[in-house]
Amino acid sequence: MKIYNSLNRRLEDFEPLNPEQVTIYSCGPTVYDYIHMGNARTALVTDIIRRYLLYKGYNVKLVQNLTDIDDKIIRRAAELGTSAKQLAHENSEAYFEDSQRLGIHLADVHPKATEHIQDMINLIQILIDKGAAYVIDGSIYYRVNAFAEYGKLSNRKPEDLLAGARVEVDERKENPRDFDMWKAAKPGEPSWDSPWGKGRPGWHIECSAMAMKHLGETIDIHAGGEDLLFPHHENEIAQSELATGNTFARYWMHVAFLKIDGKRMGKSEKNFIFLRDALDHYPTEVIRHFLISAHYRHPLDYNQESLTKSEGAIRRLNNCLDALKKYDRDIDLSEPMDAPLQHAVQEMKSQFTQAMDTDFNTAQALGAIFTLVSEVNKSLSTFDESETPVLAQAYQALTETCQVLGIYDTEIQDSATDNEAKIEPLVDLLLEVRQDARNRKDWETSDKIRDRLKELNVEIQDTPQGTTWKFLARS
RNA sequence: GGUGGCGUAGCCAAGUGGUAAGGCCAGGGCCUGCAAAGCUCUUAUUCGUCGGUUCGAUUCCGACCGCCACCUCCA
C-alpha cells in the first residue's frame, strides 16, 4: 500500500508505526459557519481512507478537531450579536449533522480547542523552557529560527518566505516569520487564564497539542486541505518536534481544492456552496460519487453538469444492484464456479484493491466497479439459471466495495423497504389491474397506471419475466 | 520573486516506456404494445506545442505556450 507523502513529495510504502493501530489526525473545520463543499471533500477523503484501512483489516483511531475559538468566530459572533461560545456550539452541531448526512462516520475523538487549553499551555511552556518561544505583552511567539528544520514540509527556505510576503509585519516580533501560539486578550474577547495572563490559543498550537494528547507524540497520517500545508502544518511540525524531539507525523496527506463553476471557491468571492444546500438537491451517494470521481490530489470543479453525470452513474449502479439483490440469498461460496462472471468478480476485487492501494485512487476504483456492473448487466440480459450463485457473489463484491466508498448503503435501502412494506400489496394490486388491462390491450389504462405510479415515486418495468417495480430513490 | 501542480475524446476522468480504464451525453441496432431498464455498434492512429533520449514516449529529459494553487485567515 502506497501513500503520497507531502513531506517528500513522493509515493511511499505505508507501514504503520504500530501494526495494531493506525493513527490518523485530520484537520477539521473552524466552526464560524456551516461547512462548504470544500470542507466536505477533505472530510470525505479522510472518511474513505479510514473505511479502506478498516476494509484492509487495520484498526484505526481517527481524531478530527474542531477549531471553536479564533478571530473569525469572534468577529462573526459580534456581527450576529451572539457569543463566540454559542456560535461555535451551534456550528459544531451543524457540522456533525451535515457530515453525517454525507455518510461520514464520526471520528473516534472530536477534540475542541476550548476544551484543551491546559494541554496547549503545557506545550507552550515546554517550548518556552527550551528557548523556542518568547513573550511580548502577554502574547507568546514561536521563534522559527530555533527549529533548524523549519520549512521541510513546504520546501521553503527562510529567505523565500520573506520575498513576496504581503502580510503586515508585527514590528515587535524578533523575526517576521515567528508566529503566535498564545494571543493576549483584547478587551471584550473571550479569554482563558494562563501563566502569561489572560488570552487565547493560536491556531497552530491547538492541533499540535490535541493530536499528541489523543494519538501520541508520533502519528501515522496527518491530513488536511492543501492550503494548510503552509504555514499551518509547517508550524505544527515546528512546535511538536521541537517539544518532543520525535517525528510528529509520518505521512502528510493534502487534499486538493474544490472549485465552483471553474472558479476558486472562497467566501470573499461569494461563490461557495454549503454542504447542506448541496444535500438538499442531491442524494448522499451522488455527492459522494462526485467528490471521489477525481483523485484527491487533483482539483475538482463543482458544477451542475458534473453532479448530473454522477446522478447518472449512481442510477446505473443502483439499477444493477437492485436487479442483483434478489440473488443475494443464493450465495454459495463452497462451490467455485467456472463462469466468466466469476472471473470478472475476482478481477474487480483485485483492481479495486490495487487502485485503493495506490494512494487511494478512488477514480480508478470506480472504474473497476463499473466494469463489473457492465459484466453483470451483460450476464443478466442473457439470464442463465446456473449463474445464480455467481450473481450472488457479484452482489457481495459490489456492495462490499461500494460501502468502502460509501456510494451504496444497504442499511438505508433496507430501512426504506421496511417503511414502505405496508403499501407493497397495494402496488401489487394495481399491477394486477394493469396486467388485466394489458391483456385487453387497453394501453390507455395500462399507461395511466404506470404514469401515475411514477408520479408517486414507484417505477415499474415490464420484463420478459413479468412486471417488476421499485421505489425511486428520494433525495 | 520563491515553491508546487495541471493541460488525455463533446464533457468529466483514470492510466502506462510498447501503443489509451470508467462515467455522462449523442447517433444507429436489438428487446418492448409504447416506455423504462438492459444489451449492442459507433465516438481520441491519439494524450497542450516544439525538440531530445530510446528499437519504441502520451508516459523520461529540456524549452515554450496556457491554466492554477501556496507564500496572508481559508479544507
Side-chain angles (χ1 to χ4, degrees), chain A residues 6 9 26-30 32 35-46 67 70-72 75 151 154-157 159-168 177 203 223-232 234 254-259 262-268 272 289-290 293-295 297-301 303 305-320 322-323 351 355 358 361-374 376-383 438 441-443 446-447 450-451 454 459-464 467-470:
Chain A
S6 305
R9 292 171 298 287
S26 173
C27 279
T30 300
Y32 67 104
I35 62 161
H36 57 241
M37 289 299 294
N39 297 298
R41 185 183 191 190
T42 303
L44 182 60
V45 167
T46 309
T67 298
D70 94 318
D71 292 347
K72 289 190 293 296
R75 198 187 320 132
S154 54
N155 193 30
R156 286 160 214 265
K157 299 187 196 72
E159 315 86 77
D160 299 340
L161 300 180
L162 297 173
R166 284 162 287 166
V167 62
E168 280 184 48
R177 291 172 292 128
W203 178 35
E226 64 177 349
D227 52 327
L228 299 186
L229 191 134
F230 188 90
H232 186 53
E234 192 72 62
H254 291 95
V255 181
F257 260 120
L258 185 80
K259 296 189 292 185
K263 287 179 294 198
R264 188 193 189 294
M265 179 170 62
K267 304 274 162 140
S268 51
F272 59 92
H289 179 276
F290 161 71
S293 63
H295 184 87
R297 281 189 286 116
H298 289 253
L300 183 62
D301 189 42
N303 55 64
E305 195 190 348
S306 289
L307 269 291
T308 301
K309 287 172 188 168
S310 287
E311 255 181 337
I314 289 296
R315 197 182 310 125
R316 180 171 165 81
L317 176 67
N318 282 142
N319 284 338
C320 177
D322 284 345
Q351 294 286 321
T358 310
N361 194 332
T362 51
Q364 199 173 38
L366 284 172
I369 287 171
F370 278 92
T371 300
L372 180 57
V373 165
S374 219
V376 166
N377 285 336
K378 219 174 287 183
S379 178
L380 248 25
S381 71
T382 58
F383 185 72
R438 294 183 76 208
K441 298 197 189 304
D442 178 1
W443 309 126
S446 149
D447 290 352
R450 180 173 64 196
D451 294 344
K454 181 75 179 272
E459 185 178 84
I460 69 182
Q461 297 184 357
D462 298 319
T463 74
T467 300
T468 65
W469 65 276
K470 65 180 178 188

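Lettering follows sequence order; numbering is per chain, from 1. Bear in mind the structure is a predicted one, so any value in this text is a computation, not a measurement.
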Quick note, A:Ala294 side chain, CB onward, closest among B:C73, B:G22, B:A13 is B:A13

Picking from B:G38, B:A14, B:C71, which would you name as closest to the side chain of A:Phe230? B:C71

Of all the nucleotides listed (B:A35, B:G23, B:G38), which has the minimum atom distance to the side chain of A:Ala313? B:G23

Any idea which of B:G38, B:A36, B:C11 is nearest the A:Asn377 side chain? B:G38

Shortest non-hydrogen separation from A:Glu226 to A:His254 and the atoms involved: CA-CB, 3.8 Å

Start with the C-alpha gap between A:Thr371 and A:Gln351, add the side-chain angles, then the distance that decides, and say whether side chain to side chain contact (heavy atoms under 4.5 Å, CB included) holds. CA-CA 10 Å; A:Thr371 300; A:Gln351 294 286 321; over 6 Å; no

Can you tell me how far C1' in B:A36 sits from the matching atom in B:U42, rounded to whole Å? 23 Å

pair_partner(B:C70), Watson-Crick or wobble, both distances < 3.5 Å, evaluates to B:G2

So what does A:Ile35 touch, heavy atoms closer than 4.0 Å: a base, only the sugar-phosphate, or nothing? nothing

Find the distance A:Gln461:CD to B:G33:P and express it as a whole number of Å. 15 Å

Is the charged tip of A:Arg264 near the ring of A:Phe257: under 6.0 Å from the six-membered ring centre and within 45° of its axis? yes

Within this structure, what is the CD1-to-C1' distance between A:Ile314 and B:A37, rounded to whole angstrom? 17 Å

Which part of the nucleic acid, if any, lies within reach of A:His295 when heavy atoms closer than 4.0 Å are counted: base, sugar-phosphate only, or nothing? sugar-phosphate

Look at all strands and tell whether A:Gly225 reaches a base, only sugar-phosphate, or nothing, counting heavy atoms closer than 4.0 Å. sugar-phosphate

Roughly how far apart, to the nearest Å, are B:G4 and B:U45 at atom C1'? 35 Å

Looking only at heavy atoms, the pair that brings A:Leu300 and A:Ala294 closest together is CD1-CB, 3.7 Å

For the side chain of A:Leu228, starting at C-beta, report the closest nucleotide among B:A75, B:C6, B:G4. B:A75

Counting side-chain heavy atoms from C-beta on, which of B:C70, B:C6, B:G4 comes nearest to A:Arg9? B:G4

In whole angstrom, give me the gap between the P atoms of B:G48 and B:A20. 16 Å

Between A:Arg41 and A:His298, what is the shortest heavy-atom contact and its length? NH2-O, 2.7 Å

Distance check: side-chain N/O of A:Arg264 vs OP1/OP2 of B:C70, anything under 4.0 Å? yes

note: A:His232, atom NE2; B:A75, atom P; distance rounded to Å ~ 10 Å

Side chain of A:His36, base of B:A75: donor and acceptor closer than 3.5 Å? yes

Please determine whether a side-chain nitrogen or oxygen atom of A:Asn361 lies at a distance below 4.0 Å from atom OP1 or OP2 of B:G15. yes

A:Asp70 (side chain) and B:C73 (base): donor-acceptor pair under 3.5 Å: no

Where each residue is assigned the nucleotide of RNA chain B containing its nearest heavy atom, which of A:Phe257 and A:Gln364 is assigned the position nearer the 5′ end? A:Gln364

Interface polar pairs with nucleotides 25-31 of chain B, N/O, under 3.5 angstrom:
none

Mate of B:G7 across any strand shown (Watson-Crick or G-U wobble, both atom pairs under 3.5 Å) is B:C65

Between N or O atoms, less than 3.5 Å apart, protein on one side and nucleotides 40-42 of chain B on the other: list the pairs.
unit_1: B:U40; atom_1: OP1; unit_2: A:Lys378; atom_2: NZ; d: 3.4

Which whole number of Å gives the distance between the P atom of B:G23 and that of B:C61? 32 Å

Sticking with atom C1', work out how far B:C55 lies from B:U40, rounded to a whole angstrom. 40 Å

Which base sits across from B:U42 as a Watson-Crick or G-U pair, both distances under 3.5 Å? B:A26

With heavy atoms under 4.0 Å as the rule, sort A:Ala256 into base, sugar-phosphate or nothing. base

With rounding to the closest Å, how many angstrom separate the C1' atoms on B:G62 and B:A9? 28 Å

So does A:Asn319 get a side-chain nitrogen or oxygen closer than 4.0 Å to the phosphate oxygens (OP1/OP2) of B:A37? no

Tell me the closest heavy-atom pair linking A:Glu234 and A:Gly151, and the distance in Å. OE2-N, 2.8 Å

Would you kindly check whether a donor in the side chain of A:Ser446 faces an acceptor in the base of B:G33, or vice versa, at under 3.5 angstrom? yes

Check this for me: does the side-chain of A:Arg450 come within 3.5 Å of the base of B:A35 through a donor and an acceptor? yes

Lys/Arg-Asp/Glu bridge criterion (N-O < 4.0 Å) met for A:Glu305, A:Lys309: yes

Stepwise side chain to side chain contact (heavy atoms under 4.5 Å, CB included) test for A:Arg316 and A:Ser374: CA-CA 9 Å; A:Arg316 180 171 165 81; A:Ser374 219; 3.4 Å; yes

Sugar-phosphate, base or nothing in reach of A:Ile369, heavy atoms under 4.0 Å: nothing

Locate the shortest heavy-atom distance separating A:Gly262 from A:Asp301; write the atom from each residue and the value. N-OD1, 2.6 Å

Using a 5.5 Å cut-off between ring centres and planes within 30 degrees, is A:Trp443 stacked on the base of B:G33? yes

For A:Ala363 and A:Ser293, work out which heavy atoms get closest and say how close. CB-O, 3.4 Å

Any base atoms under 4.0 Å from A:Thr42, or only sugar-phosphate, or nothing? Heavy atoms, all strands. base

Could you walk me through whether A:Leu258 and A:Phe290 satisfy the side chain to side chain contact (heavy atoms under 4.5 Å, CB included) test, starting with their C-alpha distance in whole Å, then the side-chain angles of each, then the deciding distance to 0.1 Å, before giving a yes or no? CA-CA 11 Å; A:Leu258 185 80; A:Phe290 161 71; 4.1 Å; yes

A:Arg438 (side chain) and B:G33 (base): donor-acceptor pair under 3.5 Å: yes

Between A:Thr358 and A:Leu366, whichever has its closest RNA chain B nucleotide further toward 5' is A:Thr358

Separation of B:C39 atom P from A:Phe370 atom CZ, nearest Å, is 12 Å

Counter-base of B:U54, judged by Watson-Crick or G-U geometry with both distances under 3.5 Å: none

Nucleotide nearest A:Lys309 when distance is taken to its side chain, options B:C71, B:A75, B:G23: B:G23

A:Thr30 side-chain proximity, nearest of B:A21, B:A75, B:G38: B:A75

What nucleotide, of B:C12, B:C71, B:C34, holds the atom closest to the side chain of A:Ser306? B:C12

If we take the P atom in both B:G66 and B:C24, what is their distance in whole Å? 36 Å

Output the distance between atom CG (A:Asp322) and atom CG (A:Leu317), rounded to the nearest 0.5 Å. 9.0 Å

Side-chain N or O of A:Arg316 less than 4.0 angstrom from OP1 or OP2 on B:G23? yes

Could you work out the separation of B:C71 and B:U58 based on their P atoms and round it to a whole Å? 37 Å

Please identify each residue that fulfils side-chain contact (heavy atoms from CB on, under 4.5 Å) with A:Glu459, with sequence neighbours left out. A:Lys454, A:Gln461, A:Lys470, A:Leu472

